[in-house]
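None of these values were measured; they are calculated from a predicted model. Numbered from 1 within each chain, the chains take letters A, B, ... in sequence-line order.
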Amino acid sequence: MLTLPKILFAYFAVMILGLAGAAVTRRNPVHAVLLVLAMFLHMAGIYLTLGAEFLAAVQMIVYAGAILVLYLFVVFLVDLRREVQSERFVDWHSNSFLVALLLFLALAYGVGRAQVEVPDATAPAGVLHLGVELFTTYLLPFEIAGIVLLVAVVGGMALARRDRAATTAEEEVR
Amino acid sequence: MVPLSWYLLLAAALFAIGLYGFLTRRNMIVMFLCIELMLNGANLNLVALSHYLQDLRGQIFTFFVIAVAAAEAAIGLGIMLALFRNRRSVYSDSITSLKE
Amino acid sequence: MPLYLVLLPLAPLLSFLLTLLSGKWMGSRAHRLPILAASISLGCALAAGWDVAHGVVTDADFYTWITAGDLQVSFGFLVDQLTAAMLIVVTSISLLVHIYSVGYMQGDPSYPRFFAYLSLFTFSMLMLVLGNNFLQLFFGWEAVGLSSYLLIGFWHQKKSAADAGKKAFIVNRFGDFGLSLGIMLVFVTFGTLHYQEVFQAAPGIVGQQFTLLGLTFELPTLIALLLFCGAVGKSAMIPLHVWLPDAMEGPTPVSALIHAATMVTAGVFLVARCNPLFELSSVALNVITVVGAVTCLFAATIALVQTDIKRVVAYSTVSQLSYMFVACGVGAYSAGIFHLFTHAYFKALLFLGCGSVIHAMGGEQDVRSMGGLKKYLPITYWTFLLASLSISGAPGLAGFFSKDEILLMAYTTNIGSGRFAWFIGLVVAFITAFYSFRLFFLTFHGRFRGSTEQRDHLHESPPVMTVPLILLAVGAVTAGWLGSPEILGGHSMWDHFMAPVLGRAEAHVPHFTEWLLMGISVFAGLSGIWLAYHLYVRRPELPGQLRESFSETYRWLVNKYYVDEFYVAVLVQPAINCSRYVLSAFADATLIEGVVNGVPRLIGRASGRLRRLQSGHVQHYLAAMASGAVGLLVWLYLV
């Protein structure tokens, strides 16, 4: 029977798979990034159907807003002209398709076989409880995640920064 | 009510698409993008199960995955830039220094 | 756990390490620390003995050493009556030998090393005796073996000494192999190595069978015999006795401490300690009795004709150790340990007396060059006389009480081979008295047969050597009084003391029989002394004539029944041939070389193919990983 949640799910699912499939096959990396951006927004939508409003927001703000913009910047930094002319795929892509297909079939078989007991009682949900949990039970991991992000920021800068002294030294060696 | 298995199948499909992209694309930036797809597949699993099992831990875990994904993107793209500067290329088949 | 128990083995261990490290710097003062350590140990041993005498038996784990599944091994101390007696023997003799060595080893270039090894030995022996489980016993067992090896080969520049050390070590391997198998079997059977737990569970294994390679054994018999294997090696019983006489290559104080008083008695200690296991098997007890009796006679007869002063005493040690095993075999463990106790004093005294003689003679060990030393070495003479009387069983001295008790027990036991052992023991008592006094008369009486140079050099040893002799002589006289039997007005104190650990074997015979047996053995001993006096003092030409008329027997005895030659022909030479022609020529040159060269060639060829897998493309690696994940999932579904 066709109900509203099912219609919504069908819409999001079709869009997500279509956008993802298009993203991995487009030649132009800018198009790929933009397709993935659209896909992430649909992911946020599907999170909403699962009652995860906070994660939907995070998905939009962090993934779509921050991470993908970072991707776009990097794509612009590299040589685009040669990119659009060159071959998209490595020359063994048919084998890879087989591997991915097999993995999907194996996972799907597992899903079909799995029997998940759905509990009757409804546990407290929503942003309020998520926040309480995050800042009580998971306070320590939360802080550690903060440190990981800080390290990543410092590390990313250290890697991407053009180190003049090092480059000149390398050139001298050559 | 949408059955749980639908969500799980969607997640598996997304993961497989990401894997396919990672295995086949030459451009390393796009390969990174495919990793994000796979991560999203895994996240969808977690959130769906969290909803159906009435357990907030799945959402919290997803939250941490997103945080780590952000860190990973920052570092990965930094590496990408350094690589491009040194090699003038972001094609995976032209970088085979793992062999040496 | 009382502090002194920790200090007891720790003091010699520290002294060993410090002396070894600071040897160069300490030089001729190197004896100070070891003597201090030995004194501390003696004090602690006396404290332990005092506690035990007042009924305090300690059995405590100190530190868990190994935990692997069911196997729990700890360093722990068990101090009961048996341990206390052993502790006092070991520490007191050790201290006296330490002091004696100050004089005997004076001027030796490796003086500090000698004292370090003595400390190591004391530590190892204490660990052996103190342990409350089989593995600690085994640790001590191997550690005393090591220190014995180091000390026999102390003068390693001398080839014979180095060879003797190796021989002792290798021969002991045979016994230790059996012992380790025995310990493993104990663990497999009982699931623990702690003495108390094993002995409590021991009666439960009676009648159980153990099948190995299609052969079926009685479990208690197998365990007992395997443990006895270790004792045979360490205590130099037939057929593994060959190492002990050669061990005399070591310095004489070492012979006194290790190869007479303490280490070689570890086998007797082992049997006595495990008496609840041995009691379960009459086969094993009979084997012990027969091996003991045969070795007893065997070693005593060889001692008759030896001319090296230390070798005579060495064979006498083998024969006296056999007495102890006979005692254990007939179930009189307390008598065996009693003989161990008295023997330690008079045999250490004999060895140290020999050392004093050798010292005076400038290293000469052949009795044929001695004689008439009485007036040069008065203190050595008198103490040696007391020791010889004691070993011959002269009434009132230590050896008399212990030997007599063993013979009585052998006579009255219900073990099948008891009477046989009693008869042999009696004959050996006679022979023992004879050869001991032969040695005594040849050394101290008659006229001096050495060179004039040696005669001018003769001198009594310094006090640092004679004082230990005198103290040991006191022990050789009085040690036996602890166990004087009721018919002589004593209270069998020793037996009562040992009863909680070793049980109490009562001799149910009328007093008349007891008197008679005692009379016979005293008569045997005294007639031996008389014969020696007759042959070597009154009619010195007679031994030569006897040698002529029994030349064949004499040849067998002098060559120690050709046992060494037999082993060389049957074991050593085939081993050498096997090594040379099979192992070296075939196995090493063809097999091992072939494998050694072939494997790299194979690997080279295989890796040439494998190398192509390593393309350097990340995606190849990830594809392999994803295929692996698929494979894992499939496997998961199938299982």
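Only the side chain of B:Phe15 has a heavy atom closer than 4.5 Å to any heavy atom of chain A. A:Val33 touches chain B through backbone and side chain together, each having a heavy atom under 4.5 Å away. Looking at A:Leu17, both its backbone and its side chain come within 4.5 Å of chain B, counting heavy atoms on both sides. Within the 4.5 angstrom heavy-atom criterion, no atom of A:Ala158 approaches chain B. Neither the backbone nor the side chain of B:Ala11 comes within contact range of chain A; no heavy atom of the residue lies under 4.5 Å from a heavy atom of that chain.
Against chain B, the residues from residues 8-15 of chain A that qualify, each with a non-hydrogen atom under 4.5 angstrom away, are A:Phe9, A:Ala13 in number order.
Note on B:Gly76, B:Ala48, B:Cys34: by heavy-atom pairs under 4.5 Å with chain A, the leading option is B:Ala48. Between chain A and the residues B:Leu81, B:Leu8, B:Ile60, B:Leu4, the largest count of heavy-atom pairs under 4.5 Å involves B:Ile60. In terms of heavy-atom pairs under 4.5 angstrom with chain A, the leader among B:Leu83, B:Asn43, B:Val68 is B:Asn43. Ranking B:Leu19, B:Ile17, B:Leu49 against chain A, the residue ahead of the rest is B:Ile17, based on heavy-atom pairs under 4.5 Å. Heavy-atom pairs under 4.5 Å with chain B were tallied for A:Leu134, A:Leu101, A:Leu107; the largest tally goes to A:Leu134.
Closest approach of B:Ser5 to A:Val111, counting heavy atoms only: CB-CG1, 3.8 Å. Pairing each heavy atom of A:Arg27 with each of B:Arg25, the nearest pair is O-NH2, 3.6 Å. Nearest approach of B:Ala16 to A:Phe104, heavy atoms of both residues: CB-CB, 3.7 Å.
By the 4.5 Å heavy-atom criterion applied to side chains, B:Leu23 and A:Phe97 are not counted as neighbours. The side-chain heavy atoms of B:Leu14 and A:Met39, taken from C-beta on, include a pair separated by under 4.5 Å. A heavy-atom distance below 4.5 Å is not found between the side chains of A:Pro29 and B:Ile29. Looking at A:Lys6 and B:Pro3, their side chains come closer than 4.5 Å, going by heavy atoms from C-beta outward.
Around atom CZ of B:Phe64, more than 12 heavy atoms belonging to other residues, nucleotides or ligands sit under 6.0 Å away.
Taken from CG in B:Leu37 to CE in A:Met43, the straight-line distance is 9.5 Å, to the nearest 0.5 Å. Considering CZ of B:Arg57 and CG of A:Leu130, their distance stands at 13.5 Å, rounded to 0.5 Å.
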Got a list of side-chain donor-acceptor pairs under 3.5 Å for residues 48-77 of chain A, not counting sequence neighbours?
from    : atom 1 : to      : atom 2 : distance (Å)
A:Thr49 : OG1    : A:Ile46 : O      : 2.6
A:Thr49 : OG1    : B:Tyr7  : OH     : 3.0
A:Gln59 : NE2    : B:Asn40 : OD1    : 2.9
A:Tyr63 : OH     : B:Glu36 : OE1    : 3.1
A:Tyr71 : OH     : B:Phe32 : O      : 3.4
A:Tyr71 : OH     : B:Glu36 : OE2    : 3.1

Side-chain donor-acceptor pairs under 3.5 Å in residues 144-152 of chain A, sequence neighbours left out?
none

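Checked against side chain to side chain contact (heavy atoms under 4.5 Å, CB included), B:Ile35 has the following partners two or more places apart in sequence or in another chain: B:Phe22, B:Glu72.
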